[in-house]
Protein chains: 2
Amino acid sequence: MRELDRIDRGILNILQEDASTPLREIAERVHSSVATCQRRIEKLRADGVLVKAVALVDRALAGRPLTVFVSVELEKQNTDILKQFEHRMRSEPEVMSCYEVAGEFDFHLIVTVESMEEYSAFTRRVFTSHHNVINVKSLFAMNCSKFETKLTL
Amino acid sequence: MRELDRIDRGILNILQEDASTPLREIAERVHSSVATCQRRIEKLRADGVLVKAVALVDRALAGRPLTVFVSVELEKQNTDILKQFEHRMRSEPEVMSCYEVAGEFDFHLIVTVESMEEYSAFTRRVFTSHHNVINVKSLFAMNCSKFETKLTL
DNA sequence: GATGAAAATCAGAATGT
DNA sequence: ACATTCTGATTTTCATC
């Protein structure tokens, strides 16, 4: 892994807040030159540190007000079944994140849906014994106090 | 709330994947004109549907490889204590998300840190009885199979 | 009133020395 | 570090539906 210096970290902090910040402004704020910042950004991209620039939308206004934390236990944890499950989750648009965890459950998901009805349909479609799911626990978010994509570096 | 038509949804889908997609390309892909797409984007921004454009960073490469799911129970759930806790979480850079939930715990957090040592320090600093925290459950992610910011509309 | 096409202008990125 | 070139956003206008 690369070491990120003060300039790299400054650039990443700025771009994580506003991906369209002009190079001139970035250079000023990290006390460097436009050319240097340009080279650094290119390198950060090439190294995979900077993944991409995306627009964030308001989940409620975009019609997906419901966030659900889902814990999933699979029948047997052999590699094949885990891989299959992960692959399936990647293909489901309602699934925003999927993490493998240790403990009682095998996976933790974050799912966003339009309504309870849609969530019900989602679970029936995805969490079947056919997909080796033996236990599911759903926890509904009542309120989002914070949602941040920025890693402060 | 506004109704999003085919063009709005198309625009949002495109910008959620690449915020720097040229208007010309957006117009092509949603089968509309540059002028219309521009007007729509401006309106989506004004209405708060489009929140902002950000750069996404690889968490591991940026030195924050550890993701922890934290469940927190507070001493008494009166409004003031909840508000205080939310405010505190908003100010902590390690806390990526904070959701109020129903059930055994009061809040679910997603926390990213550089190491176990840092997580230990974080919990000791933040989850004290002084902050009315009476119960904390930490669950460490072993692997991230999916991390998506896009709402497919 | 919303749309699409075109043109002029401006800002910023990319390039070359 | 500077100047040039190029790309795309912005703004305006106009005709149309």
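Chain letters run A, B, ... following the sequence lines, proteins first, then strands; residues in each count from 1. What you see is a predicted model, and the numbers here were worked out from it, not measured in a lab.
Residues satisfying the side chain to side chain donor-acceptor pair (under 3.5 Å) criterion with A:R88, sequence neighbours excluded, are A:E92, A:H131. Legend: residues meeting side chain to side chain donor-acceptor pair (under 3.5 Å) with A:D8, ordered by chain and number and at least two apart, are A:R2, A:R40. For the side chain to side chain donor-acceptor pair (under 3.5 Å) test, no residue two or more places apart in sequence or in another chain qualifies with B:K52. Under the ring pair (Phe, Tyr, Trp, His ring centres under 6.0 Å) criterion, B:F69 pairs with A:Y99, A:H108, not counting sequence neighbours. In this view, A:K137 satisfies the salt bridge (charged side-chain N to carboxylate O under 4.0 Å, His left out) rule with no residue, not counting sequence neighbours.
We find that CG of A:L23 is positioned 14 Å from P of D:dA1, with the value rounded to whole Å. If you measure from atom CG of B:L15 to atom C1' of D:dA9, you get 14 Å, rounded to the nearest angstrom.
Counting heavy atoms from C-beta on, the side chains of A:D106 and A:V101 never come closer than 4.5 Å.
Sorted by residue number, the members of residues 33-47 of chain B with any non-hydrogen atom under 4.0 Å from DNA chain C read B:S33, B:T36, B:R39, B:R40.
Put simply, chain B comes within 4.0 Å of DNA chain C, heavy atom to any atom, from C:dT3 to C:dA5, going 5' to 3'.
Hydrophobic cluster membership for A:M142: none, as no Ile, Leu, Val, Met, Phe, Trp or Tyr side chain comes under 4.5 Å of it. Alongside A:I81, the hydrophobic cluster contains A:L66, A:V68, A:V70, A:V72, A:L74, A:L82, A:F85, A:M89, A:V95, A:F107, A:L109, A:V111, A:V113, A:M116, A:Y119, A:F122, A:V126, A:F127, A:V133, A:V136, A:F140 (criterion: ILVMFWY side chains under 4.5 Å).
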